[in-house]
Amino acid sequence: MTDDAPQPDRVEGARHPRDTPKLIGQSAAEAAFLDAFNSGKLHHAWMLTGPRGVGKATLAWRIARFLLATPDLDGGMFDLPPADTLEIDPEHPVARRVAAGAEAGLKSVTRTLNPDTKKMRKQIVVDDIRALNGFFQMSAADGGRRVVIIDDADEMNPNAANALLKMLEEPPERAILLLLSHQPSSLLPTIRSRCRTLRLGTLDADQMAEALAGSGVEVEGDPGALAELSGGSVGGALRLSLMGGVKTYADLVGLISSLPQLDRGRAIKLAEAAAQRGAEAKLDLLFTLLDLLLVRLARTGATGAPPARAACPDEIAVLQRLSPSPAQGRAWADAAQQISDRARHGLAVNLDPAALVLDTLRQIGQTAPR
């Protein structure tokens, strides 16, 4: 893949997980893998699960470098001591080859360009999986391992999933497959049953701040707010930062603070900004943040308490005023589903973006308490 080709396994504008120097907040998953390695019971297939953007791909690349650079523990007299970290020196030959995309023992499987349309496919297709047969058949002069990263397994179409299942049923010798999955329940049960699972959790505000500081991205927005809006996902926080998501959310909160009388001028300004040519990603972000705002309104009423941390100034006061009771919380929850379904349908059939945003804001206004 060329440098300017789309990379479905990387947040645009951020480092590729391969190049992320440190993994934050996932020490339990790392320790579980090391325990299996040190016990000599290394499974041939691992499923890395957890919310999108919490470090699954970064962990997979760390594991790959570790496996390709670390000798087996055979229990001999001169054997190396058990490994206590997945960290590999960046100057190690394996690490250098991985960074250059030149490691013969490693294969990354992602969605690929359709040669007919020249556009990125929406799924991993069967040819992407079958190509692994040639990779596994390559002889390794040193008897080394072969490592495959599938990012992500949720995107396999049925034929690709069945082709992978055959590999899992008859795994190639000294091959390790690392499957990333945000929604493992969507995969074939027979695939899940043949993998050992490593579960990754979300990051708290302090871990998020550390991860963002080491991301190589000039972060826009308070790390605490980014952690709150992204649900503890570093990838989600980076997307929000790169697209001005914290400011957009603050604008939404400021707009609904005028309810039940919606500030039409501010609403039109917001709608026009999201409807500009080439602003499809920002339009999608706007509706994602609207969904989140409705959920936070519903939870505030249902629980009788606002979120523990505000995602922007004045948010807590606005949530409490607009969702003061369990009954109002239920009203927001019902409205959230209807509004989200209607907005997503409008996006799917290419309704005028500005009109769609204004219609969504109007529905929110109708749900606010009088």
Side-chain angles (χ1 to χ4, degrees), residues 7-11 14-39 41-70 82-90 92 94-95 97-99 101 103 105-110 145-155 175-184 187 191-192 195-204 206-208 210-217 227 230-239:
Q7 293 181 285
D9 54 347
R10 178 178 71 90
V11 175
R15 283 193 183 107
H16 190 282
R18 173 190 58 231
D19 304 318
T20 301
K22 189 176 181 181
L23 178 62
I24 307 298
Q26 307 300 347
S27 57
E30 292 204 20
F33 185 85
L34 282 169
D35 285 346
F37 178 85
N38 288 328
S39 70
K41 299 178 181 178
L42 191 63
H43 199 62
H44 68 277
W46 294 76
M47 185 173 294
L48 282 60
T49 69
R52 189 180 297 273
V54 295
K56 297 187 295 296
T58 299
L59 177 56
W61 285 93
R62 283 172 66 82
I63 289 174
R65 283 190 295 268
F66 172 83
L67 289 174
L68 294 169
T70 307
D84 60 2
T85 178
L86 293 177
E87 194 71 30
I88 298 298
D89 188 331
H92 189 288
V94 166
R97 290 196 298 270
V98 170
E103 171 52 58
L106 176 60
K107 180 74 172 179
S108 174
V109 179
T110 66
R145 296 188 181 91
R146 292 282 182 257
V147 181
V148 172
I149 298 172
I150 300 179
D151 188 0
D152 61 83
D154 302 342
E155 295 177 336
I176 304 292
L177 288 88
L178 305 172
L179 284 63
L180 279 61
S181 176
H182 316 303
Q183 295 179 310
L187 296 172
I191 287 180
R192 299 199 306 269
C195 298
R196 180 169 172 182
T197 299
L198 290 176
R199 292 183 175 85
L200 283 71
T202 56
L203 277 65
D204 61 29
D206 291 340
Q207 292 169 336
M208 179 67 73
E210 184 180 357
L212 293 175
S215 68
V217 174
S230 67
S233 162
V234 179
L238 287 173
R239 288 185 179 89

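Values reported hereafter were calculated over all heavy atoms of this structure, with side chains retained and with hydrogens, waters and symmetry mates removed.
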A.B. asks: With a 4.5 Å limit on heavy-atom distance, are the side chains of V98 and L106 in contact?
C.D. replies: yes

A.B. asks: Considering only heavy atoms from C-beta outward, does the side chain of Q26 approach that of L203 to under 4.5 Å?
C.D. replies: yes

A.B. asks: State the CD1-CD distance between I24 and E210, to the nearest 0.5 angstrom.
C.D. replies: 3.5 Å

A.B. asks: Is the shortest side-chain heavy-atom distance between L179 and I191 below 4.5 Å?
C.D. replies: yes

A.B. asks: Can you name the nearest heavy-atom pair linking A237 to S230, along with the distance?
C.D. replies: N-CB, 3.5 Å

A.B. asks: Are the side chains of L34 and L86 in touch, meaning some heavy atoms are under 4.5 Å apart?
C.D. replies: yes

A.B. asks: How far does CD of E30 sit from CG of D84, to the nearest 0.5 angstrom?
C.D. replies: 11.0 Å

A.B. asks: Going from CZ on F66 to NE2 on H92, what distance comes out if it is rounded to the nearest 0.5 angstrom?
C.D. replies: 11.0 Å

A.B. asks: With rounding to the nearest 0.5 Å, note down the distance linking CE in M47 to CG in L180.
C.D. replies: 10.0 Å

A.B. asks: Can you tell me how far CD1 of I176 sits from NE2 of H44, rounded to the nearest 0.5 angstrom?
C.D. replies: 8.5 Å

A.B. asks: For the atom pair CD (Q207) and CG (L212), what is the distance rounded to the nearest 0.5 Å?
C.D. replies: 11.5 Å

A.B. asks: Could you list the residues that satisfy side-chain hydrogen bond (donor to acceptor under 3.5 Å, both in side chains) with R97, not counting sequence neighbours?
C.D. replies: E103

A.B. asks: Keeping R192 on the side-chain end and L187 on the backbone end, is there a donor-acceptor pair under 3.5 Å?
C.D. replies: yes

A.B. asks: For the side chain of D152 and the backbone of S181, is there at least one donor-acceptor N/O pair under 3.5 Å apart?
C.D. replies: no

A.B. asks: Could you check whether any side-chain N or O of R65 sits under 3.5 Å from a backbone N or O of I88, counting only pairs where one atom can act as donor and the other as acceptor?
C.D. replies: no

A.B. asks: Return the minimal non-hydrogen interatomic distance between A211 and V234, and the atom names on each side.
C.D. replies: CB-CG2, 3.8 Å

A.B. asks: I149 and A64: which non-hydrogen atoms are nearest, and at how many Å?
C.D. replies: CD1-CB, 4.2 Å

A.B. asks: Within a strict 4.5 Å, meaning less than it, do heavy atoms of the W61 and T20 side chains meet?
C.D. replies: no

A.B. asks: Can R62 and E87 be counted as an ion pair, charged N to O under 4.0 angstrom?
C.D. replies: yes

A.B. asks: Please check this pair: side chain of S233 against backbone of R52, looking for a donor-acceptor N/O pair closer than 3.5 Å.
C.D. replies: yes

A.B. asks: With side chains defined as the heavy atoms from C-beta onward, is the minimum distance between L200 and L59 less than 4.5 Å?
C.D. replies: yes

A.B. asks: Take L198 and I63 through the side-chain contact (heavy atoms from CB on, under 4.5 Å) test and state the conclusion after the steps.
C.D. replies: CA-CA 12 Å; L198 290 176; I63 289 174; 4.2 Å; yes

A.B. asks: Tell me, do F33 and L42 make a side-chain contact under 4.5 Å, heavy atoms counted?
C.D. replies: yes

A.B. asks: Testing the basics here: between R199 and A29, what is the closest heavy-atom pair and its distance to 0.1 Å?
C.D. replies: O-CB, 4.1 Å

A.B. asks: Of all heavy-atom pairs between K56 and G50, which one has the smallest distance, and what is that distance?
C.D. replies: NZ-O, 3.0 Å

A.B. asks: What's the shortest heavy-atom distance between A99 and R18, and which atoms?
C.D. replies: O-NE, 4.1 Å

